[in-house]
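Below is one structure, written out as structure tokens; the observations come after it.
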Amino acid sequence: MLKLHNLSKVYQTDEVETVALDNVNIEIESGEFVAIMGPSGCGKSTLLNIVGMLDSPSSGDYIFMDENVAGYPESKLSNIRKQNIGFIFQSFNLIDELTVEENIELALLYHNIPASERRERVARVMDKVGIAHRAKHMPSQLSGGQQQRVAVARAVVGDQAMILADEPTGNLDSAHGQEVMEMLQSLNAEGTTIVMVTHSPAHADYARRTINLFDGHVVTENLRAAV
Amino acid sequence: MFQNYIQVAFRNILANKLYSAINIIGLAIGLTACVLIMLFVRDELSFDRFWAKSDAIYRLHTTFNVPGRQPFITSSAQGPARQALLNYFPQEIEQATRFAQFQPVVEYQDKVFYERVHWADREAVEIFDLTVVEGDIQAAMQDNSSIAINQSFAHKYFGDRPALGEVVSMTTFDLVRDYKVAAIFEDLPHNTVLDFQALTVIDESDFTSQPAVFTEWFSLNNWLFFTLRDGASITTIDSQLPAFADASIIVPGAFQEGTTASDFVTYSTMKLQDLQLNAPGGREMKPTGDTQTVTIFSAIAALVLLIACINFTNLATAKSTQRAREVALRKVLGARRQQLVQQFIGESVVVALLALFLAVVLVELLLPSYGAFLGRDLSFDYSGGFGLGLLAGLVLVVGIVGGLYPAVLLSGFRPARVLKANRSAESAGSIRLRAGLVILQFTISIALIIATGVVFGQMVFAAKRYPGFNKDNLIVVRNVSRQGVVEKQVALKEEILRLPGVVSAAYADDVPATSNESNSSVTIPGNPGLGDILIGRQIVDHDYFSTYEIPLITGRDYDRDYSGDGIPDFEGARPGEVLQGTLVVNQAALPRLGFASAKDAVGKRVQIQTGSPGSEPAFAQLEIIGVAANAHFRSLRSVVRPEMYYLLEGNFRNLTIRYTGNPAELVEQIESVWREHAPNVPFTFSFAEQDMARLYAQEHSLATMLGTFASLAILVACMGLYGLAAFTAERRTREIGIRKVMGARVMDIVRLLVWQFSKPVLLANLIAWPLAAWGMLNWLQAFPYRLDEWVLVPLCLIAGLIALAIAWFTVGGNAAKVARANPIKALRYE
């Protein structure tokens, strides 16, 4: 699916140079469920952003589906991203002014898909995550767990091959957190590649592989047998 | 506590530089517009209030009701009306004076000029308390060879030397006399409808050769002012004016039996203080203002300020969510709502005050050119009650109008909710209110653009419309009827015709852009049913139509080969005798004279008569030999006048010269020919084209003012829009980030934001179009010749597009910047 080769990211402010990622080499196969762990400031999110093409590396190669996208301009990255990658955030990041339905539809809006097909796919994915009865509600009327389910629906409605989840359970209580993890697991079972940043070892256990980051380096990689 | 408020206010201003700049600059522009316009309005309202007897002075106005045409409304009165008025209203009227304005040639040593000099009755200086610098003005007005002059006049002729006792020679019609300077008075201030530089007393026996001036009842050559006695009421006079007309006016025999003077003549009075804004529109000593202009400009000032206030309200409510925490904390610490309202209104007053300082600077910078544009010397008196009151009032009004709603909104936040959520969701109501206010701003701006377009269009239309004659390349030489020229007219024209570049030349008594009106009473021998017809007349020579290039629709021009052409010589005609002659009329005269068409008119006769009332008249029957196309000598505010063109030697007042090539050189040559023939008469000339253009000066300045203030309105409205767009983009950063992650391109985001702000502008168009169209169609009604109404359609569309384009430009730049930003930051930290 993707391969990071000697990838580095350096943030530069006026005086300080911060190395967020230092010569990282990671390979993720299609259909994998990978958890990324590590203490605050270790570069987890930076890694996820680069993998999600929301940010560009300072040096090194990023091969995504046999294409080296490291030097691609924003518009090109945007195209690859919207075709292939879905996002789930800790703070859900739903648009307050749009209904559940419209929030999910947003992921299809920029894909030149006819309205009728969009409606169909949104309805299907809402059924799948069990939020159909809330279709016309505003995000503020939902619980945190329900909001995250909407976010999951939005991440997969475009049939994305890979989902990047940035602490998807961070804002949820344990019951809701587990619910979301199970949903991710079943998506993975259907063939979706999932890369998840998390603080919770329990939730990392859902993944088949865990990558531990420390100070911008990959420290360990643990492979686990399927649960 | 107060100190805390002020501190917070200033910190807020500094912390939000963009918003503060928009608010302060926008308000400053609004306040500047307001102050400038208020100065103009106040000046207009200050006219003629400084005279000691100001409250008691009135002017008599005369309207001639001529059957078959619009009433001839004037601001003047007949010469005999003064004495008649004093006789008829002895209980009510204390004093009365006429002012007659002539343009004599004034000579002093080597200085020879035409000067505007006013002849008045001796009461003039008692009714109007002029500030006399030297001499005895009462005595000056007792003696028909004394003159009272103002300081500028004195300076022009005598420099720094004492003027009192000096003698100037004046030639007025056939009156040549030496006048001793007997008094010098201060120049009149600009805020009076009176405008004279020299006064001398009317002695009617000096003007026996000019009966029209002071003795005829059917000529209007005087302004007639009178003062009321203590306790007398103007309504008493007004109600008796018809009876006064009947008792005083001698109706000439030409008018039909059974009619009375009040059928033809209507009098009215107007208070001196009201003249500047309400004068009926006849001849004045100088141009007056009008209530319409004052109203329009006051409204514009209010609108521009309103737009600035709306910016303030909009930005303040938009930012309110950011201040929610402060409000909540103050409330937790015990602030009452009323105190918070005070705090926020106080803050807006502080902003208004800062804006005011900037506005004062702008006013001072702009006043000189503004005053020059208005043609008056305006200044702002900061120490006066009006100035301070105006400024303080504006600051309070702006502070309260702009700050009230945000203050009420902000102070209403519930602390528990705000502190818990760490931000306050805005109520739908306040978002709708903002949208509504933006719509209002753009409605005003778009309507102003349309109004500017229409006024400007009408002006161009009027100026460019073919007036029926070729107004280009015409030099008009004036004063050919003066002593010293009149007897040399033939030679003068012959020599001028010989100059290179002169195509032709014609004498006439009227010129383009004149406000003169001469009428004659005629009958149609074949159509007695029409009775007496009063119809305009101009006196022309053989070359008139060819020089002005006025085409004849049918028939022929006056021709030197026909010795019988023109008005026959009445000299020596016996009473009752009928002489023969010929006549050219214009198209507009045909219906008045009862002719169906130009062809129908040619060969028909028009009868005129001569002789004084009481004696049996002699007649002339004039065969119509030609019909000329309508030529418009006046502004398009009036319809073309039915006109008879008399071919009549000896009554010319101007010589019009058609030329080719360089006029500057030609004028010099004409002047030297003039000097040769009439060394003692000053040479004056003008270009017909410029004279005609001047007729539209009023529309021109209105269009300029409208254009300026419309631009300001748009500018201020767009500053507000920019602020709102910036704020909205800031508020929607997270949403924009999400959309970008979902695959939206920069263009998608820009389109989203631009569309959000296009909606109110589009709606504003829908409101502004009918409003502006209705208003401007009404305004256009005043012009008999006006723009096609359909012009409004493209104008509305263009105004809408301009507003939309500016809005897009304003919002788009900022939106692009926001859309290009990296979405991660927005999504990561809430």
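In what follows, every chain begins at residue 1, and chains take the letters A, B, ... in the order their sequences are listed.
Remark: A:N103 CG to B:E735 CD distance equals 9.0 Å, nearest 0.5 Å. Here A:Y110 contributes atom OH and B:I749 contributes atom CD1; the two are 5.0 Å apart, rounded to the nearest 0.5 Å. Rounding to the nearest 0.5 Å places CG of A:L98 at 5.5 Å from CZ of B:R739.
Under a 3.5 Å cut-off, the side chain of B:R745 and the backbone N or O of A:S78 do not form any donor-acceptor pair.
A:R154 has its side chain within reach of B:I738: a pair of non-hydrogen atoms, C-beta onward, lies under 4.5 Å apart.
Heavy-atom neighbours of A:F214 CZ from other residues, nucleotides or ligands within 6.0 Å: at or below the threshold of 12.
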